[in-house]
Amino acid sequence: MPALPARRLRGALIGCGYFAQNHLHAWHQIDGVDIVALCDADPARLAASAARFGINRTYGSAEALLDAESLDFVDIATTVESHLHLVTLAARAKVACICQKPFAQSMEDARTMVATCLDAGVMLMVHENFRWQAPIMAVREAVRHGEIGTPFWGRVSFRSAYDVFSGQPYLATSERFILQDLGIHIIDIARCLFGEVSTLSASTLRVNPHICGEDVATLLMTHTSGMSSVVDCSYATLLPEERFPQTLIEIDGSEGTLRLDAGYRMTVHRRHGATRVVAVDPPLHPWAQRPWHNIQDSVVNIQAHWVDCLRSGTAPQTSGHDNLCTFALLEAAYASAAANQASQRI
Ligand code: NAD
Ligand code: 89V
C-alpha cells in the first residue's frame, strides 16, 4: 500500500457503543491522528460520545459519513453483523479501515472483505488486540530471543467467572459465545506465539443455564513446527481470586520453561541458568479502570501500530488477510466441537 504523507491523519469512528469508548480514549492519546467525525445508528449513543470527546461532526449512517467527510481511515467498532456492509462501504469510498473482532459472520464474508479491500487498494486491519497486551508482548519477546530454546508444548488459558453480560448483553443471547467472542483472541495469541496450526480438535460446553451459547471450550492443536498447544477458555470458573481479563501462558522449550502466571508475573527458567521472575504489568492509563486496564492498554498499542502502518504503507500484523487464519481456526473449532458432541451421543 502507498505510504501516507507526513501530516495529521483524519479518522472517523463508526459505532459509539460500549467498547468504542476505549478506542476514543486511545485515539486521543496517540500523536498525529484526529478522530474528526463519529457515526452511530443510535442517536443517543452518538450524542453521548460526541459530547464526551468534543467531536461535533456526527452522522447516523456510514453512507452519510463517507459521502460528507474526507478521511484517511474509518475505525469500525460495531458488532459483527454489520462488518461486511461497513467494510464494503469503506472500500468503495477508497478509505482504509479497521474492523473490530470477530471479523465476520462466516469464512465467506471474511474472504469477501479481504478481497474487496485488496481490489480497492485500501488497508484493512482487524482490531485483534489481545496480542498487543503488555504481558503477551513480553512473552513473545522472550520466546523470540530464544530464552527457552525451541518450544515443544504450550498452553494459553483464560478462565474466569466475570460478568461480561452486564456490559455486553448481546453475548448472553448469541448462539455462539465464548469461542467467537473471547476464544478468538486466545487462538490468535497461540498463533502469534507458536505459529500456524495444522490440526485442531475441540470440545465445548454450556455451564451457565441463563445464556444461549457455550461458555467453556478446550482446543488441542498441533502446529506446523510440530509442537502441540492447548487453548482453554471458560466464563464458568469460580476462582478464589477473579483473574479477568488475564490470559495465562505455559510454554515448555528445549532449553527451559516460561510461565505467565496470575498477577502479571512472568517466570523464565533456563537449563543451567538462573530463574528470572519479571513483573509484566500493563500500564494504567489515566482514563482506564482496573481490571480492564490490560485490554485498554492493548487498544492504544494496536491503534498506534495502525498509524505506523498507514504512514509507512506496511501491512498490519493483524491485517484482514492475517486474520483469515485466526478465523479459520475458530470455524474449525466449532466444527470439531459439533462433531465431538455428535460422537459422544453415539
Ligand atoms: P455495542 O452494541 O455496545 O456497540 C455497537 C454500536 O454500534 C451501537 O451503538 C450500535 O448502535 C452501533 N451500530 C451497529 N451497527 C451500526 C451501523 N451499521 N452503523 C452505525 N452504527 C452501528 O457493542 P460493543 O460491546 O461495543 O462491541 C462492539 C464490537 O467490539 C463487537 O464486535 C465486540 O466483539 C467488540 N469488542 C472487542 C473487544 C476487544 O477487546 N477487542 C472488547 C469488547 C468488545
Ligand atoms: O474482547 C472482547 O470481545 C470482550 C471480552 C474481553 C470481555 O471478552 O468481549
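One-based numbering, in listed order, for ligands and for the atoms of each.
- Atom 4 (C) of ligand 2 has Asp181 OD2, 3.6 Å as its closest protein atom, hydrogens excluded (heavy atom only).
- Taking only non-hydrogen atoms, the option from Leu46, Thr78, Leu38, Ile14 nearest to atom 15 (N) of ligand 1 is Thr78.
- In terms of protein heavy atoms, atom 6 (C) of ligand 2 is closest to Ile295 CD1, 3.7 Å.
- With respect to Asp308 and Arg311, no salt bridge is recorded, no charged nitrogen being found less than 4.0 Å from a carboxylate O.
- More than 12 heavy atoms of other residues, nucleotides or ligands sit less than 6.0 Å from atom CZ of Arg265.
- With a 4.0 Å cut-off on non-hydrogen atoms, Asp181 touches ligand 1 through its side chain and not its backbone.
- With respect to the salt-bridge test (charged N to carboxylate O, under 4.0 angstrom), the residues Asp252 and Arg259 qualify.
- Listed by chain and number, the residues in a ring pair (Phe, Tyr, Trp, His ring centres under 6.0 Å) with His305 are Trp132 (sequence neighbours excluded).
- Atoms of ligand 2 lying under 4.0 Å from at least one heavy atom of Gln168, given by number and element, are 4 (C), 7 (C), 9 (O).
- The single protein non-hydrogen atom nearest to atom 1 (O) of ligand 2 is His185 NE2, 2.7 Å, given as residue, atom name and distance.
- The shortest N or O to N or O distance between His85 and ligand 1 is not under 3.5 Å.
- The shortest heavy-atom distance from Ala41 to ligand 1 is under 4.0 Å.
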